[in-house]
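Have a look at the structure below, then the notes.
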Amino acid sequence: MFVVTLLCAPSDPKLDAALPTNLRNAWGGGDVIWLMPDVAAEFAMETVPANFDDVWKECDAMGIDLVIQPQEGRRKKMLLADMDSTMIQQECIDELADEAGVGPRVANITARAMNGELDFEAALKERVGLLEGLDSAVIETVLATRITYMPGGKELLATMKTNGAYAALVSGGFTAFTASVAKALGFDENRANTLLEEGGKLTGDVGMPILGREAKVTALEEITARLGISEDEVLAVGDGANDLGMLQRAGSGVALHAKPTVQAQAKIRVNHGDLTALLFLQGYAASDFA
């Protein structure tokens with residue numbers, strides 16, 4: 001059996017009751033279950049319809065996310081999440097670069113790297129090099145004044161952890177940020193790159209080895225082995241090309257507001273919902289949120 005989920009951003013509740021009902025009727029599905037009024041609904045069906053891609057495009061144009069996934073095992077035991085533009089709304093290195101006066105140049109490199117146009121490791125080294133001489137204290141300033149959390153993140157972490165799941169934050173960004181974000185949201189562990197400092201200034205270098213695409217897959221392998229669970233029991237979420245490895249390996253790999261090349265290769269696409277979408281996809285109703 002499969003489950004069809006339709007959802008939108010809770011901040012813009014626009015899911016008309018007619019849409020899931022009409023789809024259910026057209027596809028021969030079961031009863032429509034509302035997970036949150038005007039925001040998320042689901043129904044079960046036996047097979048994936050042949051016209052799914054066409055209907056997905058129509059829903060996407062309306063600001064509605066449409067997902068079909070196997071019903072069995074969709075509630076996961078582990079969350080593996082990217083940080084930049086996923087758990088937070090910014091790219092940390094772009095914010096640091098803005099403080100250093102090289103914002104547009106670094107932001108352009110970041111966008112190309114996240115879309116898979118550049119080698120991640122080389123692009124990271126180039127961007128960090130442009131931060132040479134920046135006062136290390138700027139990191140705390142950026143955390144306090146520039147970083148905002150993606151809506152739904154606290155509910156996602158609290159609900160999954162209340163239901164026994166483990167949560168790991170794995171980023172191609174920097175430990176100076178992941179440590180703070182992980183603590184604020186309730187992650188059990190975090191992994192990222194290290195910005196090197198000397199005399200209170202950034203040196204323009206990053207600690208080796210660089211954590212990129214393969215390191216995220218390694219985290220998936222190592223943590224599931226340690227917990228004694230399978231990769232099918234993992235929900236992974238990210239937006240950039242360096243997230244694709246873990247998104248494709250995890251039981252549920254969600255491309256959240258992702259770059260086009262990532263959407264094209266990910267199992268699940270969420271373009272409109274916030275992080276609560278990851279709870280709706282697991283069958284949690286809003287009344288179940290912790």
Side-chain angles (χ1 to χ4, degrees), residues 1-10 13-81 152 155-157 159-160 162-165 229-238 246-258 263-290:
M1 290 292 288
F2 293 86
V3 62
V4 178
T5 307
L6 295 107
L7 60 91
C8 60
K14 60 170 65 174
L15 184 57
D16 188 278
L19 181 56
T21 299
N22 290 342
L23 266 186
R24 184 275 313 272
N25 292 340
W27 286 345
D31 294 339
V32 174
I33 299 170
W34 283 91
L35 304 173
M36 183 175 181
D38 303 321
V39 173
E42 67 176 31
F43 60 87
M45 59 185 302
E46 293 187 1
T47 59
V48 176
N51 66 338
F52 169 76
D53 288 339
D54 292 334
V55 177
W56 180 89
K57 290 175 184 176
E58 293 176 7
C59 289
D60 187 54
M62 293 187 286
I64 304 293
D65 291 310
L66 172 66
V67 176
I68 300 182
Q69 59 180 324
Q71 189 167 42
E72 185 176 353
R74 64 175 168 143
R75 190 162 291 192
K76 303 303 182 183
K77 295 181 179 180
M78 175 180 157
L79 172 68
L80 184 63
E155 293 89 340
L156 172 64
L157 268 292
T159 303
M160 288 191 69
T162 296
N163 285 274
I229 63 175
S230 73
E231 294 179 6
D232 283 343
E233 295 174 300
V234 176
L235 170 62
V237 59
M246 70 174 186
L247 295 183
Q248 292 171 335
R249 286 276 292 270
S252 292
V254 180
L256 182 78
H257 304 169
Q263 286 194 44
Q265 299 177 66
K267 297 177 182 178
I268 297 172
R269 295 163 288 185
V270 172
N271 289 340
H272 307 287
D274 60 21
L275 284 167
T276 58
L278 277 64
L279 293 172
F280 295 135
L281 292 175
Q282 294 179 79
Y284 291 104
S287 57
D288 299 323
F289 292 0

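Only a predicted model underlies this, so the values are computations on that prediction, with no experimental measurement involved. Quick note: numbers below take in every heavy atom, side chains included, and nothing from hydrogens, waters or symmetry partners.
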Worksheet entry | Nearest heavy atoms of L19 and C59, plus distance in Å | CD2-SG, 4.3 Å

Item to complete: Give every residue pair that meets the side chain to side chain donor-acceptor pair (under 3.5 Å) criterion with at least one member in residues 43-53, sequence neighbours excluded.
Response: W27-N51

Item to complete: State, yes or no, whether a side-chain contact exists between V234 and S252 at a heavy-atom distance under 4.5 Å.
Response: no

Worksheet item: Any side chain to side chain donor-acceptor pair (under 3.5 Å) pairs touching residues 273-290, not counting sequence neighbours?
Response: D274-T276

Worksheet entry | Polar side-chain atom of Q69 near backbone of L281 as donor-acceptor pair, under 3.5 Å | yes

Practice prompt. Report the distance from atom CG of L235 to atom CE of M78, rounding to the nearest 0.5 Å.
Written response: 10.0 Å

Worksheet, complete the sentence: salt bridge (charged side-chain N to carboxylate O under 4.0 Å, His left out) pairs touching residues 229-238, sequence neighbours excluded, are K77-E233, E231-R249

Worksheet item: To the nearest 0.5 Å, what is the distance between CE (M62) and CG (L6)?
Response: 8.5 Å

Fill in: Set of residues satisfying side-chain contact (heavy atoms from CB on, under 4.5 Å) with respect to A17, sequence neighbours excluded
W34

Worksheet, complete the sentence: Residues passing the side-chain contact (heavy atoms from CB on, under 4.5 Å) test with A18, sequence neighbours excluded, are D16, N22

Item to complete: Return the set of residues passing side-chain contact (heavy atoms from CB on, under 4.5 Å) with A258 (not counting sequence neighbours), or none when no residue passes.
Response: D239, A255, V262, Q263

Can you give me every donor-acceptor pair (side chain of residues 35-42, partner residue at least two apart or in another chain, under 3.5 Å) with its distance?
{"residue": "E42", "atom": "OE1", "partner": "R74", "partner atom": "NH1", "Å": "3.0"}
{"residue": "E42", "atom": "OE1", "partner": "R74", "partner atom": "NH2", "Å": "3.1"}
{"residue": "E42", "atom": "OE2", "partner": "R74", "partner atom": "NH2", "Å": "3.0"}

Worksheet item: Measuring from L157:CG to L79:CG, what's the distance to the nearest 0.5 Å?
Response: 6.0 Å

Worksheet item: Counting only N and O atoms by type, is there a donor-acceptor contact under 3.5 Å from the side chain of K267 to the main-chain atoms of A250?
Response: yes

Discussion item. Ring pair (Phe, Tyr, Trp, His ring centres under 6.0 Å) for F43 and F2? Distances and angles first, verdict last.
Written reply: CA-CA 9 Å; F43 60 87; F2 293 86; over 10 Å; no

Practice prompt. Write down the atom of V270, the atom of A277, and the distance for their closest heavy-atom approach.
Written response: CG1-CB, 3.9 Å

Discussion item. Counting neighbours of CG on N25 that are heavy atoms of other residues, nucleotides or ligands and sit closer than 6.0 Å, is the number greater than 12?
Written reply: yes

Worksheet entry | Sub-4.5 Å side-chain heavy-atom contact between I68 and P49 | yes

Discussion item. The criterion is salt bridge (charged side-chain N to carboxylate O under 4.0 Å, His left out); which residues satisfy it with E155, sequence neighbours excluded?
Written reply: none

Worksheet item: Given side chains that start at C-beta, do those of L7 and I64 come closer than 4.5 Å, heavy atoms only?
Response: no

Worksheet item: Is there a donor-acceptor pair closer than 3.5 Å between any side-chain N or O of T159 and the backbone N or O of A290?
Response: yes

Item to complete: Mind checking side-chain contact (heavy atoms from CB on, under 4.5 Å) for A26 and listing every partner two or more places apart, or none if nothing turns up?
Response: none

Worksheet item: What residues form a side chain to side chain donor-acceptor pair (under 3.5 Å) with K14, not counting sequence neighbours?
Response: D12

Discussion item. How long is the straight-line distance from OG1 of T5 back to CG of L66, given to the nearest 0.5 Å?
Written reply: 8.5 Å

Discussion item. Does anything in residues 57-71 form a salt bridge (charged side-chain N to carboxylate O under 4.0 Å, His left out)? List the pairs, not counting sequence neighbours.
Written reply: none

Practice prompt. Please tell me if the side chains of R24 and V32 come closer than 4.5 Å, counting only heavy atoms from C-beta onward.
Written response: yes

Worksheet entry | From CE (M45) to CE (M1), nearest 0.5 Å | 8.5 Å

Worksheet, complete the sentence: One should read off an interatomic distance between L279 CG and N163 CG, to the nearest 0.5 angstrom, of 9.0 Å

